[in-house]
Number of protein chains: 2
Amino acid sequence: MTSLSKMLNVLNMFGPDSLLLDVDSIADGMELSRATAYRYVKELCESGLLSRVDGQYTLGPRIIELDWMMRRYDPLLSNGREIISELCKTTGLNVYISVFYDGRIINTYINSPDTEAGFSFGRGQPLPLFKGAQSKVLVSYQKGRKLKKLFHEAIENNAEYDFTWKSFSQITRSIRQNGYCITHDELNSGLTGIAAPIIRPDTDDILGSIAAVGGTSSFQLLRHEAVIELVKSAANRIAAKIVSSDSDKSPAA
Amino acid sequence: MTSLSKMLNVLNMFGPDSLLLDVDSIADGMELSRATAYRYVKELCESGLLSRVDGQYTLGPRIIELDWMMRRYDPLLSNGREIISELCKTTGLNVYISVFYDGRIINTYINSPDTEAGFSFGRGQPLPLFKGAQSKVLVSYQKGRKLKKLFHEAIENNAEYDFTWKSFSQITRSIRQNGYCITHDELNSGLTGIAAPIIRPDTDDILGSIAAVGGTSSFQLLRHEAVIELVKSAANRIAAKIVSSDSDKSPAA
DNA sequence: GCAATATTCTCACATTAAGAGAATATAATC
DNA sequence: GATTATATTCTCTTAATGTGAGAATATTGC
């Protein structure tokens, strides 16, 4: 293990129960000498990833800043915000944007009908790989080899799931054919989700998924087919907007 | 310069105009050999701070996850959300939470009367050190020695500002005496902001600031004194809630 | 399946991280 | 504002390990 990875591993010590650590506990936890722990922590502080708060250390402002940059220049968000908000208002449902990122499914945006809810707990929330409409759509639209690889590496031997390649590829194929996925009670009991892929029409790449999620009561008032069409349409409009904003920047491409 | 800092500096290459870089440009930009650039990038990817996207590299999911953790366990946000939302609704103004972090002022939360706005561009936005109501409050409430140090290090010789220690300390003193700060057109022309400090009553530490911000038109409908009282009261209630939630966890302290 | 490109490996060498404890800076207390 | 306690950096030597160049190997795109 190199000093580089050891230093980066210091970040792992910061968790829900331990957002504030002193150098001694870092040194102990990582099995580093005092001096080395100080060296690492110093480097991390200089880069802004950590920050010193009266004798202790905590996650630093650089993280907030980097996330800001990611949000700001995420084409999915910059092009999607209005469309998402519209979908949220017309349906009264929570709208989620999720992406497939480094083999994981992660939520990058939530728009809730009630202003404050969801804000802070939304972005960043990790989702299971193949549970819930968002995840299923994102996985199902991975291209041939990637999908197979994903299945063998993360689903086949995962106790959470009980699929053969055959049953799995059948499900994913049907999701691709439908162009959307609807689930009930998979992620949270009592909730129904409808998700559609956001696909670049020019390259056919999947950029993310958009989902409308609500409780059974919200859904009783709605015709499912109507919601499905709204979600699909939102997805397509976001994709189209992304493509056109791209070609604005580099007309040659 | 150590290899540790060189590796962390790779993160600096990712900016607004360059969120997607290939290893060659990283190697060139940081004056690293190909091999070393690959080594660094590999470490950063393994830690999740970077991510590989078809041959290029970009900021990784770990950043989103870490920011999520920071938001989730930030007492200012977890205790403040409802109070902030209430202030936003009753005044119809944008409400900001800002903190003083590593010598910088940074925005950590925005609640906008219109649902979608502000979300993405809010948290993480850096603010000038002594412009705008938020910043002025946060700086003014720094304790004696810190305030003086801050002035000499970051304000005295800063072309942006034209203060002597005398004029500076007069302004900050008056803000402390008032218990709030109101500014017009300082950060954005046409906007007025009213900010109050969020101070722990038990330790007297300043945790952050809360501000209500709006355009001239919004403010014409409002009695300034009434808004000031609402902002101050919100600040105090958040602080009280933080203290009581702390003592819930560790009754001894 | 093949070619092109991206990435990791190998190895010799020199740089430089590491540890222990002293020296210094910083913060808390009265 | 001085004094003590604690946190942090420095010094120095040794051994570990990061480095660069190019070969070997994965990956990806067609």
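All values reported here derive from a predicted model rather than from experimental measurement. Basis for what follows: all heavy atoms, side chains included, without hydrogens, waters or symmetry-related copies. All chains are named by letter (A, B, ...) in the order of the sequence lines, taking the proteins before the strands, and each is independently numbered beginning at 1.
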Whether B/Tyr38 contacts C/dT8 is assessed here as follows: a side-chain N or O lying under 4.0 Å from the phosphate OP1 or OP2. Is that the case? no
Check for me whether B/Lys232 meets the cation-pi criterion with B/Tyr180, that is, NZ or CZ under 6.0 Å from the six-membered ring centre and within 45 degrees of the ring axis. no
From the candidates D/dG20, C/dG19, C/dT7, the one with an atom nearest any side-chain atom of A/Ala35 is C/dG19
Distance, rounded to the nearest Å, where A/Leu32 contributes CG and C/dA17 contributes P: 15 Å
Value in whole Å for how far the P atom of D/dG18 lies from CG of A/Leu8: 12 Å
Any salt bridge between A/Asp204 and A/Arg200, counting N to O under 4.0 Å? no
What is the distance from CG of A/Leu4 to P of D/dA16, rounded to the nearest Å? 18 Å
Picking from C/dA17, C/dC9, D/dC10, which would you name as closest to the side chain of B/Lys42? C/dC9
Without decimals, in angstroms, what is the distance between A/Leu21 CG and D/dT8 P? 13 Å
What is the distance, rounded to the nearest whole Å, between atom CD of B/Glu31 and atom C1' of D/dT19? 15 Å
Could you state the atom-to-atom distance from OH of B/Tyr57 to C1' of D/dT27 in whole Å? 11 Å
Distance check: side-chain N/O of B/Arg52 vs OP1/OP2 of D/dT27, anything under 4.0 Å? no
Which comes earlier along DNA chain D counting from the 5' end, the contact point of A/Val23 or that of A/Met1, where each point is its nearest nucleotide? A/Val23
Quiz question: going by heavy-atom distance under 3.5 Å, is there a donor-acceptor pair between the base of C/dG21 and the side chain of A/Arg34? no
Taking the cut-offs as 6.0 angstrom to the six-membered ring centre and 45 degrees off its axis, would you call A/Lys131 and A/Tyr161 a cation-pi pair? yes
Please tell me which of A/Arg39 and B/Lys149 maps to the more 5' nucleotide of DNA chain C, matching each residue to the nucleotide holding its nearest heavy atom. A/Arg39
Identify the two heavy atoms, one from B/Arg72 and one from B/Ser78, that lie closest to each other, and give their separation to 0.1 Å. O-CB, 4.2 Å
For the pair made of CE in B/Met7 and P in C/dA17, what is the distance, rounded to whole Å? 12 Å
Is any NZ, NE, NH1 or NH2 atom of the basic residue among A/Asp67 and A/Arg123 found under 4.0 Å from an Asp or Glu carboxylate oxygen of the other? yes
Would you please confirm or rule out a distance under 4.0 Å between OP1 or OP2 of C/dA18 and any side-chain N or O of A/Ser33? no
Mind calculating the distance between CG (B/Leu50) and C1' (C/dT7) to the nearest angstrom? 15 Å
Closest-nucleotide mapping onto DNA chain D: is A/Lys146 or B/Lys6 further toward the 5' terminus? I mean the 5' end. B/Lys6
Establish, with yes or no, whether the OP1 or OP2 oxygen of C/dA18 is under 4.0 angstrom from a side-chain nitrogen or oxygen of A/Tyr40. yes
